[in-house]
Amino acid sequence: MKRSSAAFARDIFRRLDIDDLRFVEIECKKRVLPEEAPELRDWLFNRKGVKHRKSASFFDQYLDTPSFSLLKAGASLRLRYKKNGTAVYLQYKGPGFTRDGLLYRSEFSSDRLTKLVREESHHDIVQFTDATVASILEDQRSDEMARAMSRHLGAAVVRRITSAPILALYQKEKFEVDLGSAFLEPSLDRVSAFHIAKSGIHSLSTFCEFENEIKAEGGSLDAKLDHLDEMVKFNRAVEKAFDLKREPLDKYHRCASFFLKS
């Protein structure tokens, strides 16, 4: 199943509508029942060739227009808060497509934001200081991210991004499989998603997910495509051991599916 042809790379380039193939993400997702998560975690820890990288926790604040234009377009935009909210990044993922159980999409991340900080007080909260959503989008997006968002969403939609009703808290066990010129990054995630309502009780949903992404030095798409067979083989081993079903939604759309009617 060799797919490192120039024709396939051109097809990815055309379908994702981006300028640089270093920003292509290739991954698969599987739904995991909460009671299966400890056993899957042990399987990953004991699997030959799989190295445990780290245990991590962080949270995302998903940005959208009040009418959820990004959600409807198949895209997502989030502020990712790491290190207890002291390190914040803006991340955009464009609409993608699925082939042979693998999801292909574009992904972009900003440098660390400097105007979102954790408040030094007894409240210990992350707060906007001098920043607004509009100023973050204006100042913090890279040129590649800005061009991709303009193509995928249109300037009018980008100007209307002011809402952030969905928060997601992650507990992640991250692993690595060395493939030579590329590597797999399987992980087991427990996600608690919150819908921040204007009034009343905030809705909450918790779910578990297995995720496997292929990565390469410098984002080389050729290196990723060269090792897709090994990625598929690893995914099949997980499926065989745990009978997991493919998750067709990314995390934003999975979280939103719990709270939105359509």
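All residue numbers in this chain count up from 1 along the given sequence.
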> CG of L184 to CZ of F175: how many Å apart, nearest 0.5 Å?
Replying inline: 13.0 Å
> Quick one: CD1 on I18 to CZ on F23, what's the gap to the nearest 0.5 Å?
Replying inline: 8.0 Å
> Is the charged tip of R254 near the ring of F207: under 6.0 Å from the six-membered ring centre and within 45° of its axis?
Replying inline: yes
> At their closest point, which heavy atom of D64 faces which heavy atom of L71, and how far apart are they?
Replying inline: OD2-N, 3.1 Å
> E209 versus R31: any side-chain heavy-atom pair under 4.5 Å?
Replying inline: no
>> If you apply the rule salt bridge (charged side-chain N to carboxylate O under 4.0 Å, His left out), what do you find for E27 with R105, and how did you get there?
In response: CA-CA 9 Å; E27 66 176 6; R105 59 182 173 176; 2.8 Å; yes
> Can you say whether the rings of F210 and F234 are parallel (under 30°), tilted (30 to 60°) or perpendicular (over 60°)?
Replying inline: parallel
>> Heavy-atom count check: over 12 atoms from other residues, nucleotides or ligands less than 6.0 Å from E35 CD?
In response: yes
> Is it the case that R147 places NZ or CZ above or below the six-membered ring of F108, under 6.0 angstrom from the centre and within 45 degrees of the axis?
Replying inline: no
Show me, pair by pair, the donor-acceptor contacts under 3.5 angstrom made by side chains of residues 159-169, not counting sequence neighbours?
none

> Taking it one step at a time, do D250 and K93 satisfy salt bridge (charged side-chain N to carboxylate O under 4.0 Å, His left out)?
Replying inline: CA-CA 10 Å; D250 65 18; K93 298 192 178 187; over 6 Å; no
>> Distance to the ring centre below 6.0 angstrom and angle to the axis at most 45 degrees; does that hold for K82 and Y89?
In response: yes
